[in-house]
Amino acid sequence: MRVIRGYKFKLKTTPELQRAFATMAGHARFVWNKALRLNLDRLERKAPIMWYSDLCGLLRLWKQSEEYGFLAEAHSQVLQQKLKDLDRAFADTFDKNQPLKKQPRFKKKGRDDSFRFPQGVKIDNRRVCLPKIGWVGFFKSQEVPGTIKQATVTREADGWYVSFQVEIELPDPVSHTESMIGLDRGVDVFAATSEGELVTPVNALKNALDKLARLQRKLARQKKFSENWRKTRNRIAKLHQKIARTRHDFLHKLSSKISKSHAVVALEDLPVGNMTRSAKGTLENPGRNVRAKSGLNRAILDQGWSMFERMLEYKLNEHGGKVVPVPAPGTSHTCSACGHTDPESRTSRNLFRCVKCGHTEHADVNAAKVILQRAKVKLAA
Ligand SMILES: [Zn+2]
């Protein structure tokens, strides 16, 4: 079977390279924003929007024009990839199955700096050759196996990174286990399992979240745009980066552990947009929800959940297992012992006590068991 994996490394830059990256990212952002503006104007006039092939035709004209001729400095495929992303973003917006997808947004300088090469990237030991830029060294923390399908260069708080998407050929998997497990997204924990385990995030993540809440309170008190305000804002950006990495690491370890010992993982089938509803305000506009530390924790874990689902899915696939999504309604109000459903049974945030049979259990563990039972019913059907 063929699988796609991602590998990310920090690039070794010089001022000259940083300028080249900023130019490439800037031109790509310019093309995205210009095409987005054009389509929003068309929507306003009730005209059909322009899709990828039309936009590529326009891009050719822009590059030949006096006004936008500077775009020729960028690699053409990099610009086309942004148009492809925009095409996809609009398709998602109009997709009736994804009602929560929002209209694409304008990209901001410094915040959304990234560009992608769909081909033509080579690696030679500790260097990567990027089209139109040339050889760039990177901090190689592990080998990159397989064939490089694409490479993305992204600006983060502490510098530029390259991520490679590679295709690897693996032997077809045979699952060595028939074990099934149900997982519930907990209220206070990251997840609860049908085996009774409560999974909490690692301490490093908790500490970083506490620190983030403190820094955000500090930022809210400081004079906007002052030297100290800028310093605090910079520290917050670096901390966000650290939190994202710690969370990523935590999710990788957890999903590896689960996918190695279980063939089927049952999860609630929730639309992704639903789960991140609380995250939008807090993460994108820190400051607005400064005091709600628990809200912030929740938001950061919620944002991790869909990533966790994707990791579980591909890891299970590689081991010959699978994720089984089950209908979500009522899982938290159903008794895992007798099957009786009653909101009254959820006596408190964390406690489930069945009003019919008296079965008592941690509410999230009970829900995880119900999720597992629903998966068994689904698989037997
Ligand atoms: Zn019961």
Side-chain angles (χ1 to χ4, degrees), residues 100 179-203 205-207 209-210 213 247 250-251 254-255 257-258 261-262 264-283 289-306 308-309 312 323-380:
L100 296 155
S179 164
M180 294 173 71
I181 193 171
L183 295 184
D184 182 44
R185 291 171 70 237
V187 178
D188 293 323
V189 295
F190 177 71
T193 77
S194 54
E195 293 172 352
E197 196 187 349
L198 297 172
V199 184
T200 51
V202 285
N203 277 332
L205 194 54
K206 280 189 212 145
N207 295 342
L209 289 171
D210 285 344
R247 183 181 57 192
F250 161 70
L251 297 175
L254 183 62
S255 54
K257 191 179 131 200
I258 293 174
S261 44
H262 300 280
V264 170
V265 178
L267 299 172
E268 277 182 325
D269 190 11
L270 293 172
V272 171
N274 248 354
M275 299 193 293
T276 50
R277 68 194 179 279
S278 57
K280 294 260 153 60
T282 35
L283 285 185
N289 234 333
V290 169
R291 263 166 243 289
K293 202 188 90 199
S294 61
L296 186 66
N297 286 354
R298 190 68 253 167
I300 285 176
L301 291 180
D302 278 355
Q303 285 206 333
W305 187 265
S306 53
F308 177 64
E309 284 192 353
L312 260 184
V323 166
V324 175
V326 302
T331 47
S332 58
H333 299 149
T334 302
C335 174
S336 64
C338 74
H340 182 69
T341 301
D342 193 329
E344 294 288 311
S345 295
R346 180 85 181 231
T347 50
S348 70
R349 199 173 160 85
N350 287 327
L351 190 69
F352 184 93
R353 185 182 292 123
C354 179
V355 293
K356 193 170 171 208
C357 76
H359 172 71
T360 305
E361 198 161 37
H362 189 288
D364 296 331
V365 172
N366 179 71
K369 288 184 176 174
V370 173
I371 289 168
L372 175 60
Q373 287 163 0
R374 288 186 181 184
K376 285 181 177 166
V377 169
K378 190 173 171 182
L379 289 175

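Nothing here was measured: the structure is a model prediction, and the numbers come from that model.
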Worked verdict on L198 versus V365 for side-chain contact (heavy atoms from CB on, under 4.5 Å) = CA-CA 8 Å; L198 297 172; V365 172; 3.9 Å; yes
When you look at M180 and L379, which way does the side-chain contact (heavy atoms from CB on, under 4.5 Å) test go after all the steps?
-> CA-CA 11 Å; M180 294 173 71; L379 289 175; 3.6 Å; yes
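Residue V370 comes nearest to C335 through the heavy atom pair CG2-C, 4.3 Å, listed as atom of the first residue, atom of the second, then distance.
Only one option out of K356, H333, H359 pairs with H340 in a side chain to side chain contact (heavy atoms under 4.5 Å, CB included); it is K356.
Taking CG of D184 as the start and OG of S194 as the end, the distance is 10.5 Å to the nearest 0.5 Å. With values rounded to the nearest 0.5 angstrom, N366 atom CG is found 8.0 Å from T334 atom OG1. Taken to the nearest 0.5 Å, the CD1 atom of I181 stands 8.0 Å off from the CG atom of L372. To the nearest 0.5 angstrom, E344 atom CD is 12.5 Å from R353 atom CZ. Distance check, rounded to the nearest 0.5 Å: CD of E268 to CD of E309 gives 10.0 Å.
Judged by distance alone, the side chain of Q373 and the main-chain N or O of S336 form a donor-acceptor pair under 3.5 Å. T193 places no side-chain N or O within donor-acceptor distance of the main-chain N or O of A191, the cut-off being under 3.5 Å. At least one donor-acceptor pair under 3.5 Å links the side chain of T331 to the backbone N or O of A328. Not a single donor-acceptor pair under 3.5 Å links the side chain of S345 to the backbone N or O of T341. Distance alone, capped at 3.5 Å, places no donor-acceptor pair between the R346 side chain and the A363 backbone.
Evaluation of the ring pair (Phe, Tyr, Trp, His ring centres under 6.0 Å) rule for F352 yields no partner, not counting sequence neighbours.
Between K378 and P325, some side-chain heavy-atom pair lies under the 4.5 Å cut-off. Put simply, the side chain of L312 reaches to within 4.5 Å of the side chain of L183, judged on heavy atoms.
The aromatic rings of F250 and F190 stand perpendicular to each other, their planes meeting at an angle above 60°, with 30° marking the opposite boundary.
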